[in-house]
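Both backbone and side-chain heavy atoms feed into the values below; hydrogens, waters and symmetry mates do not.
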Protein chains: 2
Amino acid sequence: MRDVAMAAQVSISTVSHVLNGTRFVDPATETRVRAVIEQLGYRHNHLARAVARGGRSQSIGVGVSAWTNPYFGAVVSAIDSAVADFGSTLLLGETGEDEEREYRLVTSLLERRVDGIVLAPGPRSAERTLPMLEAAKTPTVLLDRIYPAAKLDQVGTDNIEPTASLVDHLAQTHGKLRIGLVSGLPGLSTTHERLLGYQTGLQRNGIAFDPTLVGDGGSSVEQGEQAAARMLATEDPPTAIIAGNNEMSVGTLRWLRTNRLSVPDDVAFCGFDDFDWAELMTSPITAIAQDWPRIGLRAVSLLRARLEDTTLPYSIDRLPASLIIRNSCGCP
Amino acid sequence: MRDVAMAAQVSISTVSHVLNGTRFVDPATETRVRAVIEQLGYRHNHLARAVARGGRSQSIGVGVSAWTNPYFGAVVSAIDSAVADFGSTLLLGETGEDEEREYRLVTSLLERRVDGIVLAPGPRSAERTLPMLEAAKTPTVLLDRIYPAAKLDQVGTDNIEPTASLVDHLAQTHGKLRIGLVSGLPGLSTTHERLLGYQTGLQRNGIAFDPTLVGDGGSSVEQGEQAAARMLATEDPPTAIIAGNNEMSVGTLRWLRTNRLSVPDDVAFCGFDDFDWAELMTSPITAIAQDWPRIGLRAVSLLRARLEDTTLPYSIDRLPASLIIRNSCGCP
DNA sequence: GTGAAAGCGCTAACAA
DNA sequence: TTGTTAGCGCTTTCAC
């Protein structure tokens with residue numbers, strides 16, 4: 001920058017002001033400066049600028065469990081476009097639902113002085129990560145998984161009622177009484193809430209809760225497959241299954257196909273989470289669709305709001321989800 | 001940091017050395033310093049450190065077209081774990097295959113002084129982005145889309161032969177002679193190479209190339225669906241279709257289902273790109289599987305190699321892909 | 001073993 | 001309309 005100033009015969013601060021548009025500069029001088037910048041191939045150092053400005057770096061930190069989950073892909077995509085509008089870049093990391101990895105990631109984001117953080121907290125975030133985030137002055141919004149006690153902004157989908165509505169549909173429209181649940185990773189609020197929704201649904205349809213009909217599917221394809229296997233290989237298997245997320249839907253359906261059980265004839269199926277391919281399955285999937293992009297956008301709104309006013313009360317936003325009825329439930 | 005130094009009664013430089021392990025510090029002093037850091041809630045400023053060290057920021061910039069494509073999700077995931085091992089964080093951005101957006105993203109990454117860049121270049125990258133990257137001293141590796149002329153490291157999948165093998169299979173095993181191609185976004189090397197592979201396949205099976213059997217599927221679900229529609233609604237429609245990527249596979253299959261054409265009976269189908277759900281489709285998909293994680297890992301290796309030795313010759317790595325035969329092609 | 005001080009590349013009063 | 005200069009928070013030589 002000093003070189004540019006010399007070559008353009010202006011002061012270093014004029015160069016700075018040209019670059020930032022922070023004060024009026026004579027058009028002639030400006031042109032000259034820009035020409036020199038171009039010619040010298042000079043590139044503004046964003047890092048030094050952030051330091052000089054005393055901190056903030058025009059970037060947002062994002063942490064999710066796995067990029068490969070299309071759910072997070074869509075959310076991050078929405079966040080990306082939203083923050084790009086005000087000149088920020090994303091700093092990303094994967095947590096793998098691992099406490100240690102998550103803690104390290106957030107620490108790193110904080111050290112890099114991001115302007116805000118969007119995090120899908122894992123099962124044990126309350127131990128170290130959330131306290132750290134609450135203590136830090138960096139605006140944070142928790143994504144997808146809600147920690148009601150956390151003094152942070154949060155946004156997620158309503159899980160209870162939609163899951164209950166799946167049970168309603170299976171029970172009322174298709175007369176299913178033995179409904180199984182391939183449940184998510186223990187410790188995630190989504191897992192807990194969807195289980196709650198499942199139980200709510202059973203209850204209001206007068207079906208007794210049978211713990212053998214709930215399997216730990218670990219929120220992954222593999223574990224979901226195993227959970228389905230355990231549940232369906234029993235004496236008195238369920239006649240319908242609900243999978244707690246898209247990954248476990250794949251796992252469950254894979255087991256069913258491998259074992260030549262047809263959906264919905266042998267066993268009816270519903271999933272939480274809809275996706276592009278859902279309608280192309282052997283039996284198009286009946287599922288709860290979350291509004292992924294909207295979740296991402298909302299996260300950014302919350303962040304911006306708090307950026308402007310730190311004293312705002314913490315809010316927990318629940319976005320609605322909708323039931324998409326296709327055929328895997330038994331509907332024609 | 002000054003506060004820490006004061007409170008711990010040591011010099012500011014000792015604090016720095018404790019933090020970085022850059023020189024021996026008396027264990028007693030070190031403990032004292034760490035205690036103060038803890039107590040004051042001090043957090044190292046990574047930005048200032050990068051500036052003081054004269055540049056590099058321990059971060060890698062990544063640009064891809066769309067997060068929602070599971071292909072890129074998997075690649076980025078692999079990159080993430082690989083660079084996390086040496087303490088770097090990812091700076092991410094979506095290009096949307098848009099020249100302007102891509103250019104801005106790369107500019108921003110450069111200004112943020114990333115240590116290296118991994119980019120899936122769009123159709124018009126050669127205009128501004130690649131020249132800028134070649135001029136910058138920042139190590140860069142091009143991902144997925146190869147620009148043979150670029151003076152940059154590159155890694156992608158072998159596209160020609162695998163695509164040709166799809167034609168082989170369709171022609172030789174299933175006797176298909178009218179094979180359509182739902183082709184990708186014009187301008188992408190992958191699109192071009194897969195088209196080339198398709199033509200190679202036709203040729204060596206003695207099938208004449210018919211341009212009406214190639215449709216521009218724009219690499220997306222929607223355009224893929226439209227391309228399939230145009231192609232199949234003709235007088236003499238293809239009896240088999242190859243889709244150029246996973247998105248277009250979905251689009252094509254969606255159109256087929258909507259129009260009640262069964263796969264493979266009415267029309268056989270193969271896709272480039274395999275994915276989790278492929279085997280759960282009405283007719284499990286025969287597809288070319290790229291080794292996604294390996295591509296990401298290779299990108300990081302190339303980056304590290306160049307980080308260590310700038311004078312290395314530029315390499316273009318082609319990773320193998322494999323044919324996964326299921327049923328959509330007509331196999332039992 | 002530790003400290004003093006110069007400097008990284010930039011911003012932003014303050015002054016002219 | 002522009003320049004001078006004191007930082008921003010850190011690293012690192014050099015010296016003790």
A.B. asks: So does B:E97 pair up with B:R124, basic N to acidic O under 4.0 Å?
C.D. replies: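 Looking at B:E97 and B:R124, the cut-off is not met.
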A.B. asks: Please list, in 5' to 3' order, the outermost nucleotides of DNA chain C lying under 4.0 Å from any heavy atom of chain B.
C.D. replies: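 Nucleotide range with atoms under 4.0 Å of chain B: C:dG1 to C:dC8.
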A.B. asks: Check residues 293-304 of chain B and write down every donor-acceptor pair under 3.5 Å in which the side-chain atom is one partner and the other belongs to a residue at least two apart or another chain.
C.D. replies:
{"unit_1": "B:R298", "atom_1": "NH1", "unit_2": "B:D317", "atom_2": "OD2", "d": "2.5"}
{"unit_1": "B:S301", "atom_1": "OG", "unit_2": "B:L297", "atom_2": "O", "d": "3.0"}

A.B. asks: Using C1' atoms of five pairs at each end, report the bend of the helix from C:dG1-D:dC16 to C:dA16-D:dT1 rounded to 10 degrees.
C.D. replies: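 Result, rounded to 10 degrees: 30°.
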A.B. asks: I need the A:T157 OG1 to A:D291 CG distance, nearest 0.5 Å.
C.D. replies: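 Here the rounded value is 8.0 Å.
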A.B. asks: So, A:R104 and A:E99, do they make that salt bridge, N to O below 4.0 Å?
C.D. replies: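 A:E99 and A:R104: not salt-bridged.
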A.B. asks: Going by side chain to side chain contact (heavy atoms under 4.5 Å, CB included), A:I117 matches just one of A:I60, A:V106, A:L91. Which one?
C.D. replies: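 Among A:I60, A:V106, A:L91, the one that satisfies the side chain to side chain contact (heavy atoms under 4.5 Å, CB included) with A:I117 is A:V106.
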A.B. asks: Under 3.5 Å, which donor-acceptor pairs do the side chains of residues 42-53 of chain B form with other protein atoms, sequence neighbours left out?
C.D. replies:
{"unit_1": "B:N45", "atom_1": "OD1", "unit_2": "B:L47", "atom_2": "N", "d": "2.9"}
{"unit_1": "B:N45", "atom_1": "OD1", "unit_2": "B:A48", "atom_2": "N", "d": "3.1"}
{"unit_1": "B:R49", "atom_1": "NH1", "unit_2": "B:N20", "atom_2": "OD1", "d": "2.9"}

A.B. asks: Which atom pair, heavy atoms only, marks the closest approach of B:G63 to B:L105?
C.D. replies: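 B:G63 and B:L105 have their closest heavy atoms at CA-CD2, 3.8 Å.
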A.B. asks: Consider only side-chain N and O atoms of B:E102 and B:T129, and report whether a donor and an acceptor are under 3.5 Å apart.
C.D. replies: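 A pair is found: one side chain offers a donor N or O, the other an acceptor, under 3.5 Å apart.
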A.B. asks: Tell me whether the centres of the aromatic rings in B:Y71 and B:W292 are closer together than 6.0 Å.
C.D. replies: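 Yes.
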A.B. asks: What residues from residues 30-38 of chain A pass a heavy-atom cutoff of under 4.0 Å to DNA chain D?
C.D. replies: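 Those residues: none at all.
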A.B. asks: Does any donor atom in the side chain of A:S108 or B:T89 lie under 3.5 Å from an acceptor atom in the other side chain?
C.D. replies: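 Side-chain D/A pair, A:S108 to B:T89: present.
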A.B. asks: Assess, by modelled atom type and distance only, whether the side chains of B:S65 and B:E94 contain a donor and an acceptor separated by less than 3.5 Å.
C.D. replies: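 Per modelled atom types, B:S65 and B:E94 side chains form no pair under 3.5 Å.
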A.B. asks: List the protein contact pattern of nucleotides 8-16 of chain D with one symbol per nucleotide (5' to 3'): B for base contact, S for sugar-phosphate-only contact, - for none; contact means a heavy-atom distance under 4.0 Å.
C.D. replies: BBBBB-B--
A.B. asks: Can a salt bridge be assigned to the pair B:E38 and B:R34 using a cut-off of 4.0 Å between side-chain N and carboxylate O?
C.D. replies: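 Salt bridge flag = no for B:R34 with B:E38.
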